[in-house]
Amino acid sequence: MKKKKELSLNTLYRIFIYVVLLALAISIIVPVAWVFLASIKENSEFYGTNPWALPKGFYFQNFIDAFEKAKMGEYLLNSVKITVMALIILLVVALPAAYVLARYRFRCSKLLNVLFMGGLFINVNYIVVPIFLMLNEGDAFLRKMTGSGFFLNNSFITALVYASTALPFTIYLLSGFFVTIPRDYEEAAHVDGAGYFRTMIQIMMPMALPSIITVILFNFLSFWNEYIIAMTLLTRDESKTLPVGLMQLTQAQRAAANYGRLYAGLVVVMLPTLILYILVQKKLTQGMSLGGLKG
């Protein structure tokens, strides 16, 4: 009787889990599908009797208008440039830092670990104003000296701020993976004559590839969708990123009641993240199970 009760409870629990997962999947898939379908509708179709009806055809003009009239193409290039630069800066700094903090003990190493862990609890939205004020003062000083600013409306500076704010989480995740690697690999590399740098580049980093891909995906999503810093540091129209441009497009198209162009802009923002996730989902799962996110 006890075994039958346990089996029935396990079955009910599994059914409950499957129902919850199915409901979550539907709650995510339906809005995403709606955005894609709405992006190829003509504006007149939004005023029909059934707003959930399938589009009558593929109205590609929405995307043309979004790229040309709403400048989403220009904003897309800005987002790609800033995101790529931020990821490169982040990996160049975080990989050696995480490796050294995880594998070696030296003076102040514990203090550095504590400081980086403390950075996990700092919400970047709370420090945007001090960052802006520092960069604005720097620009004011440069204008007095050279007549032009450098720090604001600068893609590289914005990418540097993105990378800096992502360092604590990235180092935490990568350190958690490097700690799990046996020291036998390093000892074998040293026996073969490899130095510290060569061991890190040729031995440890290839082994950490799943965690590196996880870091790239998480930070790509964070940088790509970031709005507050981009809105604060990039005030010129030609330097704005996709999230800021999408907000402007949302406000403009609500007033003009042109919903097709608005949904086309949403697709432009969502599509790169969906493609990237589909390409690296297996590596992402592996990196989360092996790296610092493991309990």
Side-chain angles (χ1 to χ4, degrees), residues 82-83 85-138 141 151 154 156-190 194-223 226 228-229 232-233 284 286-295:
I82 291 174
T83 301
M85 285 194 297
L87 287 174
I88 292 173
I89 295 170
L90 179 63
L91 292 176
V92 167
V93 175
L95 279 170
Y99 174 67
V100 170
L101 290 174
R103 308 298 290 185
Y104 300 101
R105 291 293 174 266
F106 52 91
R107 184 179 297 178
C108 298
S109 63
K110 290 185 178 180
L111 176 61
L112 288 174
N113 271 311
V114 170
L115 291 176
F116 279 119
M117 293 307 101
L120 291 170
F121 302 97
I122 299 176
N123 191 325
V124 66
N125 295 330
Y126 299 151
I127 60 174
V128 171
V129 173
I131 292 173
F132 171 76
L133 292 176
M134 287 189 295
L135 297 180
N136 191 42
E137 288 180 2
F141 174 77
F151 297 105
N154 187 315
F156 175 77
I157 297 298
T158 304
L160 186 63
V161 173
Y162 280 0
S164 301
T165 56
L167 268 178
F169 171 75
T170 304
I171 290 177
Y172 165 72
L173 183 63
L174 292 174
S175 296
F177 181 84
F178 282 128
V179 166
T180 63
I181 300 177
R183 294 192 175 274
D184 297 343
Y185 294 101
E186 292 167 301
E187 294 174 358
H190 292 157
Y196 295 112
F197 183 77
R198 184 180 170 189
T199 300
M200 180 183 68
I201 296 296
Q202 296 185 355
I203 306 298
M204 305 302 286
M205 287 189 181
M207 296 179 66
L209 187 60
S211 283
I212 293 174
I213 292 176
T214 303
V215 162
I216 290 174
L217 181 60
F218 279 161
N219 286 297
F220 174 86
L221 294 174
S222 176
F223 300 157
E226 202 284 322
I228 300 297
I229 295 176
T232 306
L233 303 185
L284 172 65
Q286 186 179 358
M288 290 177 64
S289 63
L290 295 176
L293 294 182
K294 186 177 180 180

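In this chain, residues are counted from 1 in sequence order.
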### Query
Which heavy atom of Thr165 sits nearest a heavy atom of Tyr162, and at what distance?
OG1-O, 2.8 Å
### Message
Could you walk me through whether Leu135 and Phe132 satisfy the side-chain contact (heavy atoms from CB on, under 4.5 Å) test, starting with their C-alpha distance in whole Å, then the side-chain angles of each, then the deciding distance to 0.1 Å, before giving a yes or no?
### Response
CA-CA 5 Å; Leu135 297 180; Phe132 171 76; 5.9 Å; no
### Summary
Heavy-atom closest pair (Glu186 atom, Arg103 atom, distance to 0.1 Å) is OE1-NH2, 2.6 Å
### Message
Can you tell me how far apart CD1 (Ile131) and CG (Asn136) are? Round to the nearest 0.5 Å.
### Response
13.5 Å
### Summary
CG of Leu209 to CZ of Phe177, rounded to nearest 0.5 Å, is 9.0 Å
### Query
Out of curiosity, Leu217 CG to Phe220 CZ, how far, rounded to the nearest 0.5 Å?
8.5 Å
#### Entry: Exam field: side chain Ser222 to backbone Phe218, donor-acceptor pair closer than 3.5 Å
no
### Message
Using only atom types and a distance under 3.5 Å, with no angle test, would you say the side chain of Ser175 pairs donor to acceptor with the backbone of Tyr172?
### Response
no
### Message
One pair to check against side-chain contact (heavy atoms from CB on, under 4.5 Å): Phe223 and Leu90. What are the steps and the verdict?
### Response
CA-CA 11 Å; Phe223 300 157; Leu90 179 63; 4.2 Å; yes
### Query
Where is the tightest heavy-atom contact between Ala163 and Ala86, given as atom of each residue plus distance?
CB-O, 3.6 Å
### Query
Within the side chain of Asn219, is there an N or O that forms a donor-acceptor pair under 3.5 Å with the backbone of Val215?
yes
### Task
State the OG1-CD distance between Thr199 and Glu187, to the nearest 0.5 angstrom.
11.0 Å
#### Entry: Rounded distance (nearest 0.5 Å) linking atom CE of Met85 with atom CG of Leu160
10.0 Å
### Task
Using the six-membered ring wherever Trp is involved, compare the ring planes of Tyr99 and Tyr104 and label them parallel, tilted or perpendicular (cut-offs 30° and 60°).
perpendicular
### Query
Roughly how far, to the nearest 0.5 Å, is CZ of Phe178 from CE of Met207?
9.5 Å
### Arg107, CZ: over 12 other non-hydrogen atoms inside 6.0 angstrom
no
## Note on the structure
Heavy-atom closest pair (Leu174 atom, Ala98 atom, distance to 0.1 Å) is CB-CB, 3.6 Å
### Message
Closer than 3.5 angstrom, by distance alone: can the side chain of Ser211 be matched with the main-chain N or O of Ala208 as a donor-acceptor pair?
### Response
no
### CA sep, side-chain torsions, deciding dist, call: Phe156, Ile89, side-chain contact (heavy atoms from CB on, under 4.5 Å)
CA-CA 10 Å; Phe156 175 77; Ile89 295 170; 3.8 Å; yes
#### Entry: Beyond-backbone contact of Leu91 with Ile216, side-chain heavy atoms, under 4.5 angstrom
yes
### Query
Any idea which heavy atoms bring Ala102 and Val179 closest together, and the distance?
CB-CG2, 3.7 Å
### Task
For Glu226 and Ile229, indicate whether the former's side chain and the latter's backbone hold a donor-acceptor pair under 3.5 Å.
yes
#### Entry: Candidate pair Phe116 and Leu101, rule side-chain contact (heavy atoms from CB on, under 4.5 Å), full reasoning
CA-CA 10 Å; Phe116 279 119; Leu101 290 174; 3.7 Å; yes
### Summary
All heavy atoms of Met200 vs all of Pro96, minimum pair found to be SD-CA, 3.8 Å
